[in-house]
Amino acid sequence: MATVASTFTALPHPAPSSAETRAAILANPGFGSHFTDHMVCVEWTEGEGWHSATIGPRVPIALDPAAAVLHYAQEIFEGMKAYVQADGGIALFRPEANAARFNASARRLAMPELPEALFVEAVRALALADRDWIPAGEGASLYLRPFMIATEAFLGVRPAKQYKFLVIASPAGNYFKSGAPAVSIWVSDYTRAAPGGTGAAKCGGNYAASLVPQAEALARGHDQVVFLDAAEHRWIEELGGMNLFFVFDDGSLVTPPLSGTILPGITRDALLALAREEGLTVREERYSIDQWRADAASGRLVETFACGTAAVVTPVGRVSGRDGDFTIGSGGPGQTTARLKERLVSIQRGSAPDPHGWVQKIG
Ligand SMILES: *Cc1c(COP(=O)(O)O)cnc(C)c1O
């Protein structure tokens with residue numbers, strides 16, 4: 001690690017936030033609207049590769065108005081968290097999994113891959129530079145946002161020849177103060193991703209396309225939108241930014257398979273492993289909206305939850321669509337959902353053993 005760290009040139013910060021300003025923000029950070037003092041920046045140029053790695057003040061970036069990202073949306077990102085652990089240390093959760101997924105997204109968007117060690121070191125360096133910005137307390141963390149944009153000034157349609165990789169950070173409070181309330185979701189007529197498309201890549205374009213469906217869900221009084229498959233409009237895929245799990249009365253779990261149209265969540269992957277360890281039968285298989293409704297009505301389906309880095313695990317209580325609505329279980333948080341969430345969070349926080357080596361202590 002130490003050798004990679006030296007690849008970042010440290011730029012001095014002329015005016016870091018005062019302790020008072022920071023304390024006021026950390027007392028009520030919310031999500032995604034406050035940022036730390038620093039950022040990481042690394043440049044890529046065709047023929048030269050990655051160069052000019054810096055960690056310095058978080059400042060606006062200058063872009064030529066013809067920069068490719070502004071026209072053809074060559075942009076990918078990641079979302080991960082740094083936590084204050086039970087012993088006061090700082091840790092990341094499976095950062096190499098984010099690094100690998102970032103490169104998978106890069107390949108799909110015809111962007112250059114970043115050495116995994118450089119990605120992990122960039123995230124680590126920023127979390128340490130801004131360690132005073134990591135909120136303590138249950139459910140709080142420093143949300144880290146690595147991303148890459150095409151910066152070449154060129155309006156022809158082809159992969160750009162210049163890119164910037166950046167990492168910024170934002171203190172995040174507990175999504176839900178005391179126990180996650182169940183959310184209600186709207187079954188969208190829009191599709192998020194089609195076979196052969198970019199559904200498995202974490203790219204901004206997927207999110208741009210999900211904003212109208214999400215706004216429609218909100219306008220109809222729901223919290224989130226769920227997308228069905230593009231071909232048959234029947235198989236459940238995922239929410240706008242979270243994967244889904246279904247829990248049955250025999251203790252088994254189902255989650256949609258990684259068919260290329262859903263995002264391979266790291267939270268999803270961790271929960272699959274934890275559920276199997278608990279002795280639950282877990283199947284990665286297609287599950288239809290009609291079966292979901294029928295199983296909720298018969299009582300065979302007892303819980304549904306969504307999962308992702310930002311909100312960790314969120315119970316789904318009610319589902320509505322063109323064909324009416326239905327309630328899942330009691331409409332509130334269920335036991336298996338709560339237990340799996342507790343298992344995951346205690347590993348992330350360092351208050352439970354970490355047999356998989358998922359937690360990387362950084363300071
Ligand atoms: C990031 C993301 C997820 C969740 O992935 P995690 O690695 O668990 O945070 C799920 N769906 C979409 C569309 C996403 O962008």
Side-chain angles (χ1 to χ4, degrees), residues 31-32 73 75-83 92-106 108-109 116 119-120 123 139 141-148 167 169-170 172 175 180 183 185 188 190-194 197-214 217 223-230 235-245 255-275 284 304-314 316 337 340-341 343-345 347-348 356 358-360:
F31 185 82
E75 189 269 356
I76 58 170
F77 67 96
E78 274 300 322
M80 49 207 295
K81 286 175 169 176
Y83 309 87
L92 301 171
F93 185 71
R94 304 182 70 180
E96 64 298 322
N98 293 93
R101 187 172 66 187
F102 193 67
N103 281 339
S105 299
R108 182 62 184 84
L109 275 284
E116 283 186 19
F119 177 101
V120 173
V123 166
S141 61
L142 184 65
Y143 184 81
L144 297 152
R145 169 54 61 89
F147 63 106
M148 195 203 309
V167 190
S170 173
Y175 246 65
V183 297
I185 61 181
S188 187
Y190 290 95
T191 37
R192 191 191 83 93
T198 57
K202 216 168 170 71
C203 60
N206 288 343
Y207 277 74
S210 75
L211 298 177
V212 161
Q214 175 64 30
D223 304 301
Q224 289 282 336
V225 61
V226 61
F227 292 102
L228 304 179
D229 76 292
W235 305 105
I236 300 158
E237 301 232 299
E238 62 172 316
L239 307 191
M242 284 188 271
N243 297 118
L244 275 176
F245 277 83
T255 193
L258 301 179
S259 56
T261 54
I262 70 172
L263 203 285
I266 295 163
T267 316
R268 173 190 181 277
D269 186 73
L271 291 170
L272 279 172
L274 294 177
E284 294 177 68
T304 300
F305 63 85
C307 65
T309 296
V312 194
V313 169
T314 304
V316 175
T337 303
L340 288 173
K341 177 177 183 176
R343 287 262 290 142
L344 178 59
V345 169
I347 293 172
Q348 291 173 333
H356 300 276
W358 284 337
V359 172
Q360 191 178 115

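Source: prediction; values computed, not measured. Reckoned from all heavy atoms, side chains included, excluding hydrogens, waters and symmetry mates. Ligands are counted one by one from 1 in listed order, and the atoms in each one are counted from 1 as well.
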Proximity flag E78 to ligand 1, non-hydrogen atoms under 4.0 Å: no
Minimum-distance pair of heavy atoms, taken over all atoms of E237 and L228: CG-C, 3.7 Å
T314 to M242 - nearest heavy-atom pair and separation: OG1-SD, 4.1 Å
Proximity of I266 to ligand 1 by residue part, where a heavy atom lies under 4.0 Å: both
Shortest protein contact, atom 14 (C) of ligand 1 (heavy atom only): K202 NZ, 3.0 Å
Closest protein heavy atom to atom 9 (O) of ligand 1, given as residue, atom name and distance to 0.1 Å: T309 OG1, 2.6 Å
Sub-4.0 Å heavy-atom approach of A97 to ligand 1: no
Where ligand 1 meets G265 - atom numbers and elements under 4.0 angstrom, heavy-atom basis: 5 (O), 6 (P), 7 (O), 8 (O)
Whether F245 and F305 hold their rings parallel, tilted or perpendicular, with breakpoints at 30° and 60°: parallel
L92/L144 under side chain to side chain contact (heavy atoms under 4.5 Å, CB included): CA gap, chis, key distance, verdict: CA-CA 10 Å; L92 301 171; L144 297 152; 3.8 Å; yes
Test item, G241 contacting ligand 1 (heavy atom, 4.0 angstrom): yes
From CA spacing to verdict: side chain to side chain contact (heavy atoms under 4.5 Å, CB included), V123, E78: CA-CA 11 Å; V123 166; E78 274 300 322; over 6 Å; no
F93-Y83 aromatic ring centre distance below 6.0 Å: no
Stepwise side chain to side chain contact (heavy atoms under 4.5 Å, CB included) test for E238 and R268: CA-CA 11 Å; E238 62 172 316; R268 173 190 181 277; over 6 Å; no
Enumerated ligand 1 atoms positioned under 4.0 Å from heavy atoms of G240: 13 (C)
E238 contact mode with ligand 1 (heavy-atom cut-off under 4.0 Å): side chain
Where K81 and A310 come nearest, the two heavy atoms and their spacing: NZ-O, 2.8 Å
Nearest protein heavy atom with distance in Å, relative to atom 8 (O) of ligand 1: T267 OG1, 2.6 Å
Close approach, M80 and ligand 1, non-hydrogen under 4.0 angstrom: no
Ring pair (Phe, Tyr, Trp, His ring centres under 6.0 Å) partners of W235, counting only residues at least two apart: none
Sub-3.5 Å N/O-N/O distance, R101 and ligand 1: yes
Atom 15 (O) of ligand 1: the protein heavy-atom neighbour that sits closest, reported with distance to 0.1 Å: Y207 OH, 2.5 Å
